[in-house]
Each structure stands twice: as structure tokens, then as C-alpha cells.
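Some notes on the structure that comes next.
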Amino acid sequence: MARVESSGDGARLVSWPPQRYERRRQTWYYSACLTITVHTVPFAPRFRVHVSTQVRRWATRLDVRPHQLGGATVLLDAPLPWPEGPDRGHRLMVNTLGYDRRSKELAWRRHSPAPLVPELDIVRNYPRPEALFSDPERWINGPGDVTAGIVYHPSIGPHEVGPGLMPRERADLDAWVEEGLRPLLTRVPDLTRVSRSNTPSLLPRSGAGRVPGVRDAQLALQRRAALTRALHGRPLEIDVFWQSPETRAALLAELPKLIGLPAGQQVSSADGETWQWQCEGVDIRVRARPAGPLADALPTTRARGGLRAVRLAEAIEGRCGLVADRADPLLGGAGVVITEIAGKERFAAVPDSDPKHALRIAWARQGRLTQFVNSPDDTDSALEHRAKWTWLDVFRQMGAISPPAHRVGAGIPGNLQYVALWLVRHTRKGPTRCRVHRLVAVRVRPGDGPGVVEGWDAERAEWVPYPELLLLLSQVREPAASGGKETGTGKLVDDSAARGGPRPAARPGVEQDRQRETERQIRTLLFQLRDRPTLLLADAGNLRQCGPGLRNGALDRDTLGFGAEPAQRHTLYGHDLRVLLVRDANARGEVAEWYAHDTEDGVGFAEGVWGTADTEGRVFASTASKPHTVAKLPKGLMKLAPTAQGRIAPGKTAWNPGQLEITVLGCLSEKALTGSGRAGDPPDRPAEWATLAHQLRYHDDYPPLARPLPLHWARLAGEYVLPVAGTKSAGSTSSAS
């Protein structure tokens, strides 16, 4: 039997009552779940209905204390007060259970309907919050005809049912949905491959005759060459603040392996805190010290009458003072700090106590980049694996990385540069409780050699090295509001917010000003990129927040539109400009789920670039390969209907690669060439540019990425956009400029 669950972004169909899975002397519950959403498609006049399938898991116990429960979704199955209505017996009521800090007890939250009609009749009642929290399994089975299920989330403890569905199950559900919706809705035609060039020039992982360790040695040489190029002859000074000796040992052991530093080149100090490697132009100095109070929780207060952002800013300033006392001056080198901190779950009980963002701000003020590694007790991953990824992200922040050579073909210019745009948009719920809009732009020129990654400095209107961009982003200030009263630091704060009352939404004029400023920056960027062929990459779900012209309904082939002005030929912004938009599910099902099938009814997954038979098509699908770290599963496993051979199937994790939609918005088509006076030039093939974006998802150091590499780096640069509210202790330096 299936029940309907309404949600803010669509509707869901949930199998009810849940299925059972016996494991570790306990019963675990799960259901099949179909999510139905409506979306638009680039260049298409009609909408599409997406139906995604997943496993909905139910909590049988909560391994958290009541005050740690921020908000859990609860679905109630109970007779409605109006039994003759159209939804009789077919709908689950959505509620939210969480800890109320005012009453200091568990309560129904966020306009849950349960408190509106607490009593069904003189005998039956809805479950009380504390009763549901203490024994969730009892309410799944239901006392009487009232049942309830708490939707599982990893933060409340482990679950023996694995997430995801198998490809065959997804195909069967897809056929069932298609049959049920016919003839009101029809399937979108199947996509076909548009290219066989799935990956760029990557180093082979295995093969006949390959000597073990050769690939690792080649990768180490590549990383060291990129690091040498990024450092420009400067030493690299690294401070490691550790809490466990195991983490320190793993970091020190992994660094020389990753960049191929020969054994015996290490020089240790007498105090056992400093190590140095010098090899072929690379000079690395590592100093490891106990973290001490640097990694402690921030001492936030809950005093009434003050802005939460200001209280957090005061705690950040205090941590900046501790850092300044521990920091040694940089002597002409590049500086990186690696800090071992507890997992974010350790700080969940006290809001704003996680020191990660405060340390990033503090060290950036000292001219140092930052990377964090979790303590061994707060993660399940192997220590060696975490140490490796810590160093790889350090190299990324240093700009010591470059995309592999593509294998698309001669249609791609040899001196092409990649430029990626990412909009950082924090609300008052952001990491520092401050609003901010900031456009991040990253440029990569593969032809200039490894280690050439740059970022756009909007203040100076010029390109700077990627590490410098990160430090500049950390200096972003919270924009001043208007219409309020001036505080002692020269910052404008709304009166109602200062009193702790409701904060008004951003005024339309403010949003329009932000949009115009972002569009002005994009135009300035495009003007600076006219010297060579350019591929401009943007995430449609991210950037359309500042540009209505990037919404699906406003897109037009080979044109760019800004503000209220009519859209113009994209070649007016660059003689050899190409513009690609990518889009993922965006947590809203914007891109449909998928599976691959062959002519013999085989169902599974396949990597590649997919499109329609239409030669004018500009919208493609990119599906990546299965990461080598994902475990292989036997064929034929079924989680919703386990067979005798697959009784443990519900406990398996079904890997489902997401689809990345690639829209070739602007290229040198016949129409674009004619409009720009180059009718005799050979036109672009949109499929080749979609293939290039697909290949940019691959790198020897990474599993297949969700986005092309330049866009991935632009998004990660946004981690340094951490505006701090003005405080009395910070003075005018922390006020908005």
C-alpha cells in the first residue's frame, strides 16, 4: 500500500507500512519512496515531471539526547477528523519533532499539524513528543490505528539498511510509473551517446605489464612539478597543530610519499617539532605542535539583548588573539596551517561553538591558508586516507594543480583557457551569521603549465594567484544595512533585530543592487578575457540567483542577457567565447535520475556524454564512472523484494551516480559566426564542448567530480568568504566598508 506525503517542493509516494529487515538482533524499517517534482528545461517551452526513487529509512532508536535533536521529520498515519474527505486513508501528515529551547522540552515544531488537533476522539490521541522520542519502534508498529515514523538521518545514530536502490529496481518502478501516467504524460525519449571520448589523458590504474608503484611515482612527480611552479622559488612553511600523536605521525609520513621526496632528505630538529625537506627546487618546512586551546570550542554566550552575529564575532576575535600569540612571522614564504579538530557533531549541542571558521579567519589574518583534519575518534575513515586528502587539499589551495589534457579532438582551440564563476550567498544562518553576496571567479590556463590557477580580485580588477585569492576572500566584510540606527562601531543595524524581534526580509532594492553589481563584475571579467579563446563555466542553479537571464525560461541560444536589457550576441563579449551552464539535482530533483539499458534488457550504469538525435541539440547529460573505492555488488540484488539469495540486500548501499546536465548556451554556431561577420569559418559542434566539460570532471587525484574542475575549485574558494560582524573589541577594522 502507498501513502501520499506532501512537501514544499513536490509530492512523495511512500510505501506503508514499512518493510522489515532483521540484522544484529534488531528490526530495521524502510520503505520505497517516489518523489514527484515539476521542472523546466533549457530552451523547451513545456515543463517536465521528474520521478525519483529512493529508500526511506525509519529510526528505531535515537542515539542522541533530547536537547541535541534540532528537528526530525515525523510522518503520522492516523484517521482524519473528516473521514469522508478525498484523502481518507491515503495521506501521511508531515510534522517536525525537535527540542524547544524556550520550554526546555521536546515539542512539535515548525507549524506541525499534530498540536492543532491533539485528540482524535475520546479514546485515541496523537503520540506525545517525548513518547515518540523514547520508543520510535513502538509507534512504527502503531498502538491501534495510529502509527508514526521518524525519518532517519545519520546524525541520530547508525542504521543497518543501506541507502539507495538497485538499477533494476529503479527500472521496474520507472515502468510502473510510466504505465500509471499514460496517456496524460509520456516518457522523454531515451538519450544516446554523442561521444566515445569519456575521459581525458589519465594515468592508467592497472594493466598487463605495469610495474606496481609506477603510477604513484608518476603522480608524485606531477604534484611536485605543480607545487614548484606555484611556489615560484619560495619556501613552504607548514604548521601542524595536532591533538593525537597518530594524526601527527600520519601527516608527516604521507607528505613525502605524495610529492616523491627521496628517503634521507628529511632533516629533523633537535626538539622533535620541526622537519624540513629540500629537493629539486622544493623547500618545505613543517613544524608540529600540540593544538592546545586553539582547537577548543568557541566560548559563545547566550546573553539576551545582543545580535547573535555580534556575539559570535566577539568569540572569533578572542580566538584570533590566541592565534596571533602562537603565530610565527612568515619570512618570505608561503604559509599553511593544518589543525586537528573534533568532528562537527561534538559542537552540535552548543550553537556557534565550532572553532573551524574562527581559525580560518584568524590564520588568514596572519597570511596563512588553513586545512583541517578530524580527530580519529570522530570519523570512520582510515587515518592514512584522511592524511592523504588533507595534503591534497593543501596542494589545491596552493594552486598546485592543473586539469589533465583533454581528448576531445581538433575542434577545441589549443590555447583555450577555462574560467569558472561561483556565487557565494550567505544569509543570517551562514557560518558567521552574516549576510554576504560575493562572486568568485577562477581562471585556469592549461597551456601555461602545471600550477597556474588564478582568481579574480574584484577590487583591483586583475587576476591574482589562487592562494592570494583565498586570503583576499577572507577579508570580505558584512555589507552595511540601511534604515536602522548606527552602532558604536559605525555599523548599521536594524532596530527590530537589535531588540531580538523579527528581522524583515531583504528589500527588493537591495537585491536589485546586488544583482546589478554581480552583472557588472561579470561584464568586467569578460572584457579581461578577450585575448584568447575562453570557455566560461557556471552552475545554473547557483548563478541564476543573481541573473534572471540564466533561468531556463529566459535562455536563448548564443545570447547573453543582463538585467532588463535585451539579450545580445555572446560573441560581443568575446570573439572566441563559449558559455556552458551545468546543473545537478540541486537538492530539488531538477535533473532526472537515470539508469542505462541495452537491447537485451540489461540494466545498469554507464559513463559518458548523452544527448538526443537532434543535431541542433544544446542540452546534454554527463554521467561519470563508478569510483574505484565503491564496492562491487552482485548482480540481481533487490532491496524492496529480497530473494532467498539476496537476504542481506537491504543492508547494501546502492551507488547511484548523479546526472550532470550540460547546456551549451553559447558557441560559434553558424548563426553566431554569421552574426559576427565570420560566415566562412567552420562552426562548433556543441557535443564536443559538452564532452570537454564532461572530461573536466576527471583528475588523477580525485574520484569523478560532481562538477568540472575549474567550477569545483571556484566553489571551494567560497569557503574563505567569512564576513564578521562589527564588535567593540574589533573597532572599525571589523565594520562594514
Side-chain angles (χ1 to χ4, degrees), residues 1-8 12-35 53-78 91-101 105-115 125-165 343-346 348-349 378 380 587 639-640 642 648-654:
M1 185 181 296
R3 300 293 174 87
V4 175
E5 171 199 344
S6 298
S7 64
R12 293 187 180 92
L13 200 62
V14 182
S15 63
W16 194 265
Q19 294 181 240
R20 299 180 175 215
Y21 174 53
E22 304 294 334
R23 177 73 171 169
R24 300 184 187 276
R25 298 182 180 179
Q26 188 174 343
T27 303
W28 308 88
Y29 297 84
Y30 66 104
S31 299
C33 180
L34 274 67
T35 302
T53 56
Q54 55 270 146
V55 167
R56 169 66 60 80
R57 295 176 290 176
W58 308 97
T60 53
R61 69 169 189 262
L62 283 76
D63 294 343
V64 295
R65 296 180 179 179
H67 70 272
Q68 296 176 315
L69 190 66
T73 300
V74 179
L75 300 186
L76 284 175
D77 179 27
R91 186 170 296 276
L92 296 173
M93 291 193 301
V94 182
N95 300 264
T96 302
L97 177 68
Y99 186 75
D100 189 330
R101 299 191 180 279
E105 63 181 3
L106 291 166
W108 298 112
R109 299 176 53 192
R110 299 175 186 170
H111 309 290
S112 293
N125 296 297
Y126 288 116
R128 292 170 33 233
E130 57 273 16
L132 184 59
F133 179 89
S134 61
D135 193 358
E137 185 176 4
R138 174 175 178 266
W139 287 96
I140 290 177
N141 296 315
D145 55 358
V146 179
T147 58
I150 299 178
V151 177
Y152 170 76
H153 188 274
S155 63
I156 61 178
H159 204 291
E160 288 298 322
V161 174
L165 290 174
K344 61 182 180 180
E345 294 79 11
R346 295 285 189 97
D378 295 334
D380 295 330
K639 300 179 72 170
L640 299 180
I648 62 172
K652 301 297 183 181
T653 296

Test item: Y30 side-chain N/O and L640 main-chain N/O as donor-acceptor pair under 3.5 Å = no
So CD of Q68 and CD1 of I156: to nearest 0.5 Å the spacing works out to 12.0 Å
Can you list the steps and then say if L13 with V4 is a side-chain contact (heavy atoms from CB on, under 4.5 Å)?
-> CA-CA 5 Å; L13 200 62; V4 175; 4.0 Å; yes
Pairwise side-chain contact, V64 with S155, heavy-atom cut-off 4.5 Å (strictly under) = no
Distance from R61 atom CZ to D135 atom CG, nearest 0.5 Å?
-> 12.5 Å
Between the side chain of W28 and the main-chain N/O of H159, is any donor-acceptor distance below 3.5 Å?
-> no
How close do S15 and S31 get, heavy atom to heavy atom, and via which atoms?
-> O-OG, 2.9 Å
Give, for atom CD1 of I150 and atom OG1 of T60, the distance between the pair rounded to the nearest 0.5 Å.
-> 10.0 Å
Of the non-hydrogen atoms in V55 and G164, which two are nearest, and what is the gap between them?
-> CG2-O, 3.4 Å
Which heavy atom in R3 sits nearest to a heavy atom in R91, and how many Å separate them?
-> CD-N, 4.2 Å
Would you give the length of the straight line joining atom CZ of R56 to atom CZ of R12, rounded to the nearest 0.5 angstrom?
-> 5.5 Å
Taking atom CD of E160 and atom CD of Q26, what is their separation to the nearest 0.5 Å?
-> 8.0 Å
Listed by chain and number, what are the side-chain contact (heavy atoms from CB on, under 4.5 Å) partners of P163, not counting sequence neighbours?
-> R57, T653
Donor-acceptor contact present, side-chain T27 to main-chain R20, <3.5 Å = no
Scanning both residues in full, the closest heavy-atom pair of A59 with I140 reads O-CD1, 3.6 Å
Stepwise side-chain contact (heavy atoms from CB on, under 4.5 Å) check, T147 with W16 | CA-CA 10 Å; T147 58; W16 194 265; 3.5 Å; yes
Can you check side-chain contact (heavy atoms from CB on, under 4.5 Å) on N95 and L75, steps first, answer last?
-> CA-CA 6 Å; N95 300 264; L75 300 186; over 6 Å; no
So, do L76 and P127 sit near enough that their side-chain heavy atoms are less than 4.5 Å apart?
-> yes
Nearest 0.5 Å please: distance from the CG atom of L165 over to the CD atom of Q54.
-> 7.5 Å
Specify the closest pair of heavy atoms between F133 and P136, including all atoms of both residues, with the distance to one decimal.
-> O-CD, 3.7 Å
Measure the shortest side-chain to side-chain distance between P17 and D77 over non-hydrogen atoms and say whether it is less than 4.5 angstrom.
-> no
Is the gap between the ring centers of W58 and W139 under 6.0 Å?
-> no
Nearest atoms (heavy-atom pairs only) where Y29 meets E137 | OH-OE2, 3.0 Å
For K639 and G162, indicate whether the former's side chain and the latter's backbone hold a donor-acceptor pair under 3.5 Å.
-> yes
